[in-house]
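Worksheet: one structure, shown below.
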Amino acid sequence: MSNQSPLAAIGLDTFFNEYWQKKPLFIRNAVDVSALPLEANELAGFSCEEEIASRIITGTWEQANFAVEHGPIAEDRYDSIGDRDWTLLVQDLDKFMPEAADFLARFDFLPAWRIDDLMMSFAAQGGSVGPHTDEYDVFLIQMEGKRRWQIAEQFNPELIEGLDIKVLKHFSAEQQWVCEPGDLLYLPPNVAHYGLALEPCMTASVGLRETSVADLLDDLANHWAEVNQPPRYRDPDLKANSDPWLMDDQAVERFRALLNRVVQAPDREFKTWLGSALSRYRLANTLLHDQPVAADDYDPQQAQSLGELLQQYPLVCRQHAARLQWLDLGDKALLCANGETFTTSHEQARRICQSATLEAQDCSNHALVSFLLNSGAFVLSRA
Ligand code: SIN
Ligand code: CO
């Protein structure tokens, strides 16, 4: 079953037509979890590292006493933490653990740009983060031990006040399952869920990205701030007005038209901004563990030519944390890497996005290699 799609039991068409962003789905024994062996101690080790986002959540819903400790966690914290009622959550495992990246690749029935990360949690018996909702889709995969998941599509949204995390005050389960290794629960956004560790257990979450209008407009604002002479409000049709304090409907419409002009930019311009916005990523330029070391050796300003460097470091390797995607520009493709864009052919864009190591035919294109190195999506390596 190792390379089988996690959704093989129902098929992708049924999944997208009936469940995706519509309703929860539970599949018993959907995933072979042996491909991602991870000890609780290893996960705890990751939580002690500066560059890895992690949290410990202690407490129980009954006592309404959840508290969060943000990473990096001090190693000796685990000496005193006890064996009940806590959860450790570590994000972005796929960015620094190649086995986790391979595991996440089983979800390649979804567009890569829609996936945020693979998060892993370890919970001591009784551990939970309380009943809550998330604003994004999630696939929860039981990796080890038993966890009871309860869910509700109808619920009172009131939260417990004064906690570090958002936890529902009232929760009554509509469905529940005791999940064992390999079981998968898919939840669309805003379904209340409550996972309680019945014994020490580990759960992987494949989290999706649901880009908010606020984030998009923020990026768009930065983009326009960099444009030379961005369009401005103008009103050559202004007429004499009896009330100087009135902002009239013509002014409002001129603003609407100004904003429409920005949003309805020509196709290529809009795609270039959107592709770069969505490939910008919090970790994109962070070199995480086990990376080839030569990234710093490449400085485009330096006298040493890229050709010489490629003789010393013949491998151009993809960073695990890189965000790559491509958009169709008709005759060309727009390759997006960590917020930067490069116009190339469809074949080359497709090949680069799939490559762990660049092929010789791509290495010989120095403009492309420079782009990939400058974006931080690829690094040079000797072996
Ligand atoms: C967990 O793994 O404990 C929490 C995952 C979630 O509820 O989103
Ligand atoms: Co959740």
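Side chains are part of it too, since the values below use all heavy atoms of this structure and drop only hydrogens, waters and symmetry mates. Residue numbers count from 1 along this sequence. Just so you know, ligand 1 is whichever comes first in the structure, and atom 1 is the first atom listed for that ligand.
- Geometrically, Arg84 does not engage Trp86 in a cation-pi contact defined by less than 6.0 Å to the ring centre and at most 45° from the axis.
- Centred on the Co ion (ligand 2), the angle running from His132 (NE2) to His193 (NE2) is recorded as 90°, rounding to 10°.
- At a threshold of 4.0 Å, the pair Arg256-Glu253 counts as salt-bridged, since one of the basic side-chain nitrogens sits closer than that to a carboxylate oxygen.
- Under the 6.0 Å cut-off for aromatic ring centres, Trp61 and Tyr194 qualify, their centroids lying closer than that.
- An N or O contact shorter than 3.5 Å is missing between Ser205 and ligand 1 by distance.
- Side-chain contact, His320 with Asp94: no donor N or O sits under 3.5 Å from an acceptor N or O.
- Comment: Glu210 engages Arg114 in a salt bridge, judged by a side-chain N to carboxylate O separation of less than 4.0 angstrom.
- Under a 3.5 Å cut-off, the side chain of His132 and the backbone N or O of Gly130 do form a donor-acceptor pair.
- Residue contacts with ligand 1, taken as heavy atom pairs separated by less than 4.0 Å, involve Asp134 solely via side-chain atoms from C-beta onward.
- Ligand 1 lies nowhere less than 4.0 angstrom from a heavy atom belonging to Tyr136.
- Under a 4.0 Å criterion applied to the non-hydrogen atoms of His193, ligand 1 contributes the atoms 6 (C), 7 (O), 8 (O).
- With respect to the salt-bridge test (charged N to carboxylate O, under 4.0 angstrom), the residues Arg209 and Asp117 do not qualify.
- Taking any N or O of Thr203, backbone or side chain, none lies under 3.5 Å from an N or O belonging to ligand 1.
- Heavy-atom proximity to Arg147, at under 4.0 Å, picks out these atoms of ligand 1: 3 (O).
- Remark: among candidates Leu185, Leu140, Thr133, the nearest residue to atom 5 (C) of ligand 1 is Leu140, based on non-hydrogen atoms.
- Of the protein's non-hydrogen atoms, Ser121 OG, 2.8 Å is the one closest to atom 2 (O) of ligand 1.
- In the vicinity of His132, heavy-atom distances shorter than 4.0 Å reach the ligand 1 atoms 6 (C), 7 (O), 8 (O).
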Worksheet entry | Worked verdict on Asp137 versus Gln21 for side-chain hydrogen bond (donor to acceptor under 3.5 Å, both in side chains) | CA-CA 7 Å; Asp137 308 75; Gln21 301 230 307; 2.7 Å; yes
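- Taking the N/O/S atoms of Asp134 in turn, the shortest distance to the Co ion (ligand 2) belongs to OD2.
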